[in-house]
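Since the structure comes first, as structure tokens, the remarks are kept for the end.
Just the heavy atoms: all of them, side chains too, but no hydrogens, waters or symmetry mates, feed the values below. Chain A is the first sequence line, chain B the second, and so forth, proteins listed ahead of strands; every chain is numbered from 1.
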Amino acid sequence: MPRYLEHRRTCREAPLPPCQKVYVASISLCQDTPSEEHCSCKRSLYGLFLQYGRILDVVPLKIEKLPEVKHGLYSVNLLLREEGTNNPQEKRKKQEEKAEKKRNAKEVQQSGAADGAFQGKPEPEDAVTTLNNILFIQNLPHETTSMMLQILFQQYPSFREVRMINAKPSITFVEFEDDVQSSIAMQSLQGFKITPHNPMAISYAKK
DNA sequence: AGCACA
């Protein structure tokens, strides 16, 4: 039995915690025929939403008003994770991050650097600042699939395709039709976490 | 950290 189904079964059998919130998200998706239990989109949605809480179900939606869209729209129903329900590892990491922020703030003060310290120094004309209709994504967790990335990026207009690199699973390229659209997608998804430990780092691809 | 495909 696939892991995402195991997870769902556990959810059904386990007594529910005092009800938090039920979150419903609808997302337009892939072309796969959703043969009930194994559709790659469904699996990807489980993968993407697991971090937010206890997934009750991923339900294909029927859209009568859009007869040409037979499938590809799902709602994800889940109980949002309560604050502080995260595992101890995460807690520790958060504490470390806080401590580091403090340290950094001190260093800045001591060196006398103000907010405008870098004003006047022109940014180097490198890949980070050069617009491109292709985005370069880094820091992806191993379990990332191109379907997951497609779900994330195709919600922005003029999405073209995701190209993963087999040899380097933690990076990928996402193409849009122009650099205006790619920039919007970049801003919106910058730092998006597929797992709590992997905020994605998005920059423009090198020309 | 890292930049592939055409």
Side-chain angles (χ1 to χ4, degrees), chain A residues 27-33 39-52 72 86-108 110-111 113 115 117-207:
Chain A
I27 299 177
S28 72
L29 280 182
C30 64
Q31 315 305 322
D32 282 18
T33 309
C39 157
S40 57
C41 333
K42 230 173 167 181
R43 240 190 341 267
S44 301
L45 284 173
Y46 271 89
L48 283 170
F49 280 88
L50 238 145
Q51 59 180 306
Y52 297 115
N86 296 341
N87 62 45
Q89 268 190 0
E90 268 176 55
K91 264 192 187 167
R92 213 181 317 125
K93 214 184 171 190
K94 269 190 186 162
Q95 283 167 356
E96 278 167 20
E97 280 169 3
K98 257 192 189 169
E100 201 184 330
K101 265 190 191 165
K102 256 191 186 171
R103 273 199 303 275
N104 288 344
K106 259 192 185 168
E107 275 169 30
V108 170
Q110 283 169 355
S111 67
D115 276 349
F118 293 104
Q119 275 177 10
K121 287 184 194 169
E123 286 282 324
E125 182 64 12
D126 59 15
V128 182
T129 55
T130 307
L131 295 176
N132 195 327
N133 65 314
I134 303 172
L135 299 177
F136 179 54
I137 323 292
Q138 298 175 83
N139 196 34
L140 295 169
H142 244 83
E143 55 266 45
T144 311
T145 63
S146 63
M147 179 60 67
M148 287 182 181
L149 294 170
Q150 198 186 315
I151 288 171
L152 289 173
F153 283 93
Q154 75 179 357
Q155 57 186 321
Y156 303 98
S158 91
F159 166 85
R160 273 193 185 146
E161 65 167 346
V162 169
R163 289 192 292 275
M164 295 195 88
I165 315 304
N166 286 335
K168 293 176 183 173
S170 69
I171 68 172
T172 201
F173 295 88
V174 180
E175 184 170 337
F176 286 83
E177 274 173 36
D178 59 69
D179 54 29
V180 177
Q181 298 304 148
S182 68
S183 303
I184 293 170
M186 172 157 86
Q187 278 190 36
S188 315
L189 288 174
Q190 189 65 269
F192 181 92
K193 290 171 181 158
I194 288 183
T195 75
H197 299 283
N198 296 74
M200 55 170 78
I202 311 177
S203 53
Y204 297 109
K206 281 180 187 163
K207 296 246 184 186

- Query: For A/Ser170 and A/Glu161, take the nucleotide of DNA chain B holding the closest heavy atom to each; which residue's nucleotide lies nearer the 5' end?
  - Reply: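 Whichever sits nearer the 5' end wins; that is A/Ser170.
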
For residues 137-145 of chain A, please give each side-chain donor-acceptor pair under 3.5 Å, one per line with the distance, not counting sequence neighbours.
{"from": "A/Asn139", "atom 1": "ND2", "to": "A/Pro199", "atom 2": "O", "distance (Å)": "2.8"}
{"from": "A/Thr144", "atom 1": "OG1", "to": "A/Pro141", "atom 2": "O", "distance (Å)": "2.6"}
{"from": "A/Thr145", "atom 1": "OG1", "to": "A/Met148", "atom 2": "N", "distance (Å)": "3.1"}

In whole angstroms, how far is the [atom2] atom of [N] from the [atom1] atom of [X]?
| X | N | atom1 | atom2 | answer |
| --- | --- | --- | --- | --- |
| A/Lys168 | B/dG2 | NZ | P | 9 Å |
| A/Leu140 | B/dA1 | CG | C1' | 14 Å |
| A/Phe136 | B/dA4 | CZ | P | 9 Å |
| A/Met164 | B/dC3 | CE | C1' | 14 Å |
| A/Ile171 | B/dA1 | CD1 | P | 13 Å |
| A/Leu131 | B/dC3 | CG | P | 20 Å |
| A/Ile134 | B/dA6 | CD1 | P | 13 Å |
| A/Leu149 | B/dC5 | CG | C1' | 16 Å |

- Apply the test side chain to side chain donor-acceptor pair (under 3.5 Å) to residues A/Asp179 and A/Ser182: give CA-CA distance (whole Å), side-chain angles for both, the deciding distance (0.1 Å), then the verdict. CA-CA 5 Å; A/Asp179 54 29; A/Ser182 68; 5.8 Å; no

- Report the nucleotide, chosen from B/dA4, B/dG2, B/dC3, that has the shortest atom-to-atom distance to any side-chain atom of A/Gln138.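 The closest nucleotide is B/dG2.
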
Taking only distance into account, with no hydrogens and no angle test, what donor-acceptor pairs under 3.5 Å do side-chain atoms of residues 161-168 of chain A form with protein atoms, sequence neighbours excluded?
{"from": "A/Glu161", "atom 1": "OE2", "to": "A/Arg163", "atom 2": "NH1", "distance (Å)": "2.5"}
{"from": "A/Arg163", "atom 1": "NH1", "to": "A/Glu175", "atom 2": "OE1", "distance (Å)": "2.8"}
{"from": "A/Arg163", "atom 1": "NH2", "to": "A/Glu175", "atom 2": "OE1", "distance (Å)": "3.2"}

- Item | Close residues, residues 173-183 of chain A, relative to DNA chain B [heavy-atom separation under 4.0 Å] |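 The stretch gives A/Phe173 as the residues lying under 4.0 Å from the strand, ordered by number.
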
- Query: What's the verdict on ring-ring contact (aromatic ring centres under 6.0 Å, His included) for A/Phe136 and A/Phe173, showing C-alpha distance, side-chain angles and the deciding distance?
  - Reply: CA-CA 5 Å; A/Phe136 179 54; A/Phe173 295 88; 5.3 Å; yes

- Hey, what do you get for CD1 (A/Ile184) to CZ (A/Phe176), rounding to the nearest 0.5 Å?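 A/Ile184 atom CD1 to A/Phe176 atom CZ measures 9.0 Å (nearest 0.5 Å).
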
- Reported CZ-to-CZ distance for the pair A/Phe153 and A/Arg160, which is rounded to 0.5 angstrom: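 A/Phe153 atom CZ to A/Arg160 atom CZ measures 15.5 Å (nearest 0.5 Å).
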
